[in-house]
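In each ligand, atom 1 is the first atom listed, and ligand 1 is the first ligand listed. It should be emphasised that the depicted structure is a prediction, and the values quoted were computed from it without experimental measurement.
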Amino acid sequence: MSTSYLIRGARILGHTPADILIRDGEIAEIAPGLDAPTAQEIDGSGLIALPGLVDLHTHLREPGREDAETVESGTRAAARGGYTAVFAMANTSPVADTAGVVEQVLRLGAQAGYCDVHPVGAVTRGLEGKQLAELGAMADSAARVRVFSDDGHCVDDAVIMRRALEYVKAFDGVVAQHAQEPRLTEGAQMNEGVMSGRLGLHGWPAVAEEAIVARDCLLAAHVGSRLHVCHVSTAGSVEIIRWAKGKGWQVTAEVTPHHLLLDDTLAGSYDPIYKVNPPLRTKDDVRALREALADGTIDCVATDHAPHTLETKETEWAEATMGMVGLETALSVVQEAMVDTGLLDWAGVADRMSYRPARIGRLNGQGRTLDQGSPANITLYDPRPRALVDPSGFASKSRNTPYRGRELPGRVVATFLRGRPTVLDGGLVPNFSTSGATR
Ligand SMILES: [Zn+2]
C-alpha cells in the first residue's frame, strides 16, 4: 500500500485554506480539519495548491544530446519546477519521426518516473519538411502521440502543412507549428528593430512569424483541423490568433515565460544567454503577450526548455546556439510577470499552466481540477520568498538560464505525481516505483 499524505491548510488555487488527503494515488478528500492519523502530514500553511503543471513544449535532448540533457535529468528539472507532465519535442537525434523513437522516449520517461513524458512526433521525416513522417504509426504506438511538430524548424511548405493538418484529424491530433518563414530569417540573430540596428546584428522581423501564423490559421480553417502555435512572440501574431479564434477556428497558442518577462534591449549586453528562437522582442510585444495570456487569446504557458552545453552557449553572439532552460524557473517567472502584476490570479495560473495545455495535448489524467477522486497530481508553491536564481542548484544538466543572479519570487515546495511525491521540502525524492505515463 502506498503512503497517504495529509496536506494541512494549503490554499487551493489561492483560495481559503483546506486540508487535502492523498490516498492510493488519488485525492481522497478535501475539507478543513481533516483527520487521518496514519497519513504523513505536510504543513501547507501559506502555500498555494495547484494542479500539477503540464508543459506542451520541452526539449529533453535524448536520444542524441545526452551531454546537454537526458530524459531523466530533464524530468527531474520538470518535477522541481512543479510539472507532472511534459511533452518532449521531436528534434532529437535520431529524430522522433517513427513509432520506435517515440516509444523509446516514452519508456525512458517511465523509467525515470519523475514526470509523465509524452513524446511529440515529427511532422516530416528527419524534420526536413519534404515528406510526412509516420504520423499514423506514432499515433497508434504505445506513446499514443497526439501532438506533432517539427519544432526548431518551420513546416514552411504549404502543401505539406495542409496534408499534416488533414492527416491528424483522423486521431484528433494537433500540429504545433514553429512559425518562422525561413527566407525572411536567413542569418537572423535577434529581433529586427531599433536595437538590431544599433547593435549591427542581422534582424529577425516580426512578419517572418506573423506571415506563417496567418497562413496556418487559414489552412487549419480550410481543412477543419487543429493548429497550435508554438512560442508566440509578437503583438501582430496575437492579433491574428485573436481574429482566428473569433471566427471559431480550432487555433490554440502558447507563450514562453521568457517572452513574458524579457525584451530585446538585453541583446545590448551581447551576452548570448539572451539569444533564443524566436528572439526576445520589444517591450510593446511583451505587454501584448501578457494581455493575451490574461484574456485567454494565448491559451497557455509553455517553457520551450532548451538545454545547451556551455561550449555551444559561451561563445560569440553570432556563433552561439539559440535557447534557454526554463522548467525550474517557469512558475516564478509567471508569478513575476502575471500574478504580481495583477493580470492573472492563481486560478488563472492553474488554467494556463495545467488545464489548457493538458486539453490541447488530449491528456485525461493530467490538468484536472483538484477535486475528490481526481488523480493526485498536485504542486505546492510558496509565493512569498524572493531569491537570486542560482543555476548551480538546477537539476537540469544545462545551466543556460537568462535569470542567473536575478531575483525572482516563489519556490516549489512539493510536487505529487499520482499521489507519490517527486519533490518534498523543495528537494527531489528518489524514485522507487514506475507506473509510467497514462492518458
Ligand atoms: Zn521552436
Side-chain angles (χ1 to χ4, degrees), residues 55-61 64-65 68-69 74 86-93 95-97 118-124 126-129 133 147-157 160-161 164 174-186 188-191 204-213 215-216 227-234 237-238 241 251-260 262 264 272 274-281 285 289 298-308 312-313 320-327 330 357 360-361 398 400 402:
D55 190 11
L56 267 178
H57 192 147
T58 309
H59 296 276
L60 294 177
R61 300 293 187 226
R65 285 310 300 263
E69 196 78 287
V86 299
F87 285 78
M89 275 298 172
N91 63 337
T92 48
S93 180
V95 170
D97 58 2
H118 295 285
V120 172
V123 175
T124 67
L127 309 176
E128 285 172 356
V147 181
F148 295 86
S149 183
D150 274 3
D151 184 62
H153 300 268
C154 181
V155 181
D156 65 313
D157 184 315
I160 297 279
M161 187 63 183
V174 62
V175 179
Q177 175 73 292
H178 170 115
Q180 178 186 355
E181 209 292 318
R183 292 277 288 140
L184 285 170
T185 51
E186 278 172 13
Q189 293 286 330
M190 67 169 292
N191 180 48
W204 185 312
V207 65
E209 174 173 313
E210 292 154 5
I212 296 290
V213 173
R215 181 203 74 178
D216 287 352
L227 169 72
H228 179 71
V229 184
C230 294
H231 41 54
V232 172
S233 73
T234 78
S237 294
V238 166
I241 291 160
V251 174
T252 56
E254 70 190 31
V255 63
T256 72
H258 46 273
H259 288 106
L260 289 171
L262 309 178
D264 67 348
Y274 302 114
K275 187 174 172 182
V276 64
N277 179 350
L280 299 177
R281 303 286 188 181
D285 292 308
L289 294 170
I298 294 178
D299 299 80
C300 62
V301 175
T303 66
D304 196 6
H305 176 81
H308 289 296
T312 62
K313 207 62 192 168
T321 51
M322 291 181 271
M324 304 167 167
V325 291
L327 286 167
I360 293 165
S398 291
N400 52 308

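- For the pair Arg281 and Glu209, the salt-bridge criterion is met [side-chain N within less than 4.0 Å of a carboxylate O].
- Each of His118, His228, His231 was compared with His57 under the ring pair (Phe, Tyr, Trp, His ring centres under 6.0 Å) criterion, and only His231 meets it.
- Asp151 has its closest N, O or S atom to the Zn ion (ligand 1) at the position named OD1.
- A search for side chain to side chain donor-acceptor pair (under 3.5 Å) contacts involving Arg65 returns Asp67, not counting sequence neighbours.
- Checked against the Zn ion (ligand 1), the N, O or S atom of His178 at the shortest distance is ND1.
- Distances from the Zn ion (ligand 1) show that His57 has no N/O/S atom below 2.8 Å.
- Within the model, atoms CG of Asn277 and CE of Met190 stand 14.0 Å from one another, a figure rounded to the nearest 0.5 Å.
- Not a single N, O or S atom of Cys230, from either the backbone or the side chain, sits less than 2.8 Å from the Zn ion (ligand 1).
- Just one residue in the list Leu56, Asp55, Thr256 forms a side-chain contact (heavy atoms from CB on, under 4.5 Å) with Asp304, and that residue is Thr256.
- For residue Asp304, no N/O/S atom approaches the Zn ion (ligand 1) to within less than 2.8 Å.
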